[in-house]
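Atoms considered below: every heavy atom in the structure, side chains included; atoms not considered: hydrogens, waters and symmetry mates. In listed order, ligands and their atoms are each counted from 1.
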Amino acid sequence: MTAGMLVGIDLGTTNSAVALWRDGAPELVPNALGRMLTPSAVSLSRDGQSWVGEAALDRMATHPADTVTSFKRMMGTASTVTLAGTTLTPEDLSAMVLRSLADDVEAATGERPTAAVITVPAYFNERQRRATRRAGEIAGLEVRRLINEPTAAALAFGLADRGDREPFLVFDLGGGTFDVSIVEMFEGIVEVRASAGDNRLGGDDFDAVLVRLAEPLLDAGVLEGLPADRRHALLTLAAERTRRALTTAEEAEFTVVVDGEALSTRVTAEAFEEAAAGLVKRLRDPVIRALRDSHIDVKALSDIVLVGGATRMPVVRKALTRMFGRFPNATVHPDHAVALGAAIQAGLLSGGGGLEEIRITDVAPFALGVNTSTRDAHGRFHDDIFAPIIERNTPVPASRMERFFTLGDNQRQVTFAIYQGEARDVKKNVKLGELTVPVPPRPAGEVGVNVRFTYDTSGLLEVDVAVPETGLTRNLVIVDEEDRRSKGDIAESRKRLEKLKVHPREEAGNVALLARAERAFEGFTGHVRDVIGQALTEFQGALDSQEPRRIADAREGLARLLDEIDARSPL
Ligand code: ADP
Ligand code: MG
């Protein structure tokens, strides 16, 4: 373990922030300008100068072609950006922001951070997460952990102090992305139960609405002569300023300065809200999807927490209050929550006082499964159909098993191709590997093969295939080659996963409870017997679902029932 300084970083699409765990609390670190937020913007010049943050953003108006923002959207892709003749990857650009934040910490504390907890959107896939890790390494930071942004935000809002099953809905509207997540603690573990979003919706879109509203009112003379990209940059900057002003005022000036000449018009909050109605409508869908995926009722939400600068807009808060019939929680500054939560996680990792009890987990961002074939009503086979084994939004680490059957007469082997994705057609998903197991020759459909997927937060997927008839097994561990974790780490992860593989039906506690319930069922008649039977069916259904949460609920219900019956017994 390194002894150096560990910081928490919100590496955002629009803005980034860094925080420390100090004296038992998270604390933001200001940048050289004294601001807590550093725009995720980079600008270069031909002579090799570089600017990051506010200074880069300032160059956006004068050198739009040499300046870039929103490069987080490119993370995990092969795209590059060429600024003033220099070609950079999205990791390079992110690393420049990270380095600038590390500089700020060094300036503020006198110590250079050597390690970081970095936040990523809950929907980031393995490739995007790996790119984020690489950005940290390029910046000279050991990335001790990546945590999901909504998890970090929920920690900052005190989720861990609430106890089990007090779900938070994290409503994060940033500059260009909108994310809704449902986060809760379960048996001392913080989990993202579901996440949904719209990665093309954020403050920027509200800026565009404002430009459309205000531009026709400007005396366009000076604007007319400008190149399109410069004109766009100037109008957007003006819109953003106006929009912020409208957060606290009923009316604001929309001003563009071109070559020393100011063009100006007034915009009312009312006109803005009207023009933004279409955007506000789009906030609803992801909320509904997240609630549905998590199977959590809106009434069961313990809190609705606001994250992201754009949630400061009154029009957004009003819409939320209407949507939920109650006021959202904004007790933590929405722009700071994610970085503060990352610092809390940093505190946890360094054994910070009183925090040891919380553990954090994640959900699988995409479904994991295999290719299968199905036969239609005419007996024709359709190949390459995706059969998910671990569903999207399943809390990880997770282990699930499915059984498949042979399709051909006297088939000698079965090959499973393993995929990550959501599409029904496997070819549209990401292929992770392949595994073949020999089977005894039999008529089609007579040989069953069990496929078990076991997945953990570090992206280690273990696939076990077993043919019960012959006892033959095959095992494949899918780790990313680029993952730089040591062999020891992987062995440790595998050991951890090993524990998960027991089917809940075979766990000692569950076996004992089933036996007890069956005895009780045999020992009673009539109504009591019916009630026991129902609880027993419920519990067995839960065990078959392999969902820890459902199992816990059903187990508790059944045990309580049996205790009550025992208590009433005359003996
Ligand atoms: P990201 O997570 O995408 O990096 P942020 O959470 O920093 O983004 O949010 C940036 C957005 O918040 C921008 O669109 C910005 O205009 C908006 N924003 C920040 N402060 C305010 C404010 N006071 N009023 C309205 N919008 C604001
Ligand atoms: Mg953000």
Present, as a list of atom pairs with distances to 0.1 Å, all nitrogen or oxygen contacts under 3.5 Å between ligand 1 and the protein.
{"unit_1": "ligand 1", "atom_1": "3 (O)", "unit_2": "Thr14", "atom_2": "N", "d": "3.4"}
{"unit_1": "ligand 1", "atom_1": "3 (O)", "unit_2": "Thr14", "atom_2": "OG1", "d": "2.9"}
{"unit_1": "ligand 1", "atom_1": "3 (O)", "unit_2": "Gly175", "atom_2": "N", "d": "3.1"}
{"unit_1": "ligand 1", "atom_1": "4 (O)", "unit_2": "Thr13", "atom_2": "N", "d": "3.2"}
{"unit_1": "ligand 1", "atom_1": "4 (O)", "unit_2": "Thr14", "atom_2": "N", "d": "2.8"}
{"unit_1": "ligand 1", "atom_1": "4 (O)", "unit_2": "Asn15", "atom_2": "N", "d": "2.8"}
{"unit_1": "ligand 1", "atom_1": "4 (O)", "unit_2": "Asn15", "atom_2": "O", "d": "3.3"}
{"unit_1": "ligand 1", "atom_1": "6 (O)", "unit_2": "Gly309", "atom_2": "N", "d": "3.0"}
{"unit_1": "ligand 1", "atom_1": "7 (O)", "unit_2": "Asn15", "atom_2": "ND2", "d": "2.8"}
{"unit_1": "ligand 1", "atom_1": "8 (O)", "unit_2": "Gly175", "atom_2": "N", "d": "3.2"}
{"unit_1": "ligand 1", "atom_1": "9 (O)", "unit_2": "Gly309", "atom_2": "N", "d": "3.2"}
{"unit_1": "ligand 1", "atom_1": "12 (O)", "unit_2": "Ala310", "atom_2": "N", "d": "3.1"}
{"unit_1": "ligand 1", "atom_1": "14 (O)", "unit_2": "Arg243", "atom_2": "NH2", "d": "3.2"}
{"unit_1": "ligand 1", "atom_1": "16 (O)", "unit_2": "Glu240", "atom_2": "OE2", "d": "2.4"}
{"unit_1": "ligand 1", "atom_1": "16 (O)", "unit_2": "Arg243", "atom_2": "NH2", "d": "2.4"}
{"unit_1": "ligand 1", "atom_1": "18 (N)", "unit_2": "Gly309", "atom_2": "O", "d": "3.4"}
{"unit_1": "ligand 1", "atom_1": "20 (N)", "unit_2": "Arg244", "atom_2": "NH1", "d": "3.2"}
{"unit_1": "ligand 1", "atom_1": "20 (N)", "unit_2": "Arg312", "atom_2": "NH2", "d": "3.4"}
{"unit_1": "ligand 1", "atom_1": "24 (N)", "unit_2": "Thr247", "atom_2": "OG1", "d": "2.6"}
{"unit_1": "ligand 1", "atom_1": "26 (N)", "unit_2": "Arg243", "atom_2": "NH1", "d": "3.2"}

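- By the 4.5 Å heavy-atom criterion applied to side chains, Phe168 and Glu184 are not counted as neighbours.
- Judged by the 6.0 Å distance and 45° axis criteria, Arg549 is positioned over the aromatic ring of Phe186.
- Ion pairing between Lys428 and Glu422 fails under the 4.0 Å rule for side-chain N and carboxylate O.
- Without hydrogens or angle criteria, Asp58 side chain to Ala55 main chain gives no donor-acceptor distance under 3.5 Å.
- Rounded to the nearest 0.5 angstrom, Leu291 CG and Ile182 CD1 are separated by 4.0 Å.
- For the pair Leu320 and Leu306, the minimum side-chain heavy-atom distance is below 4.5 Å.
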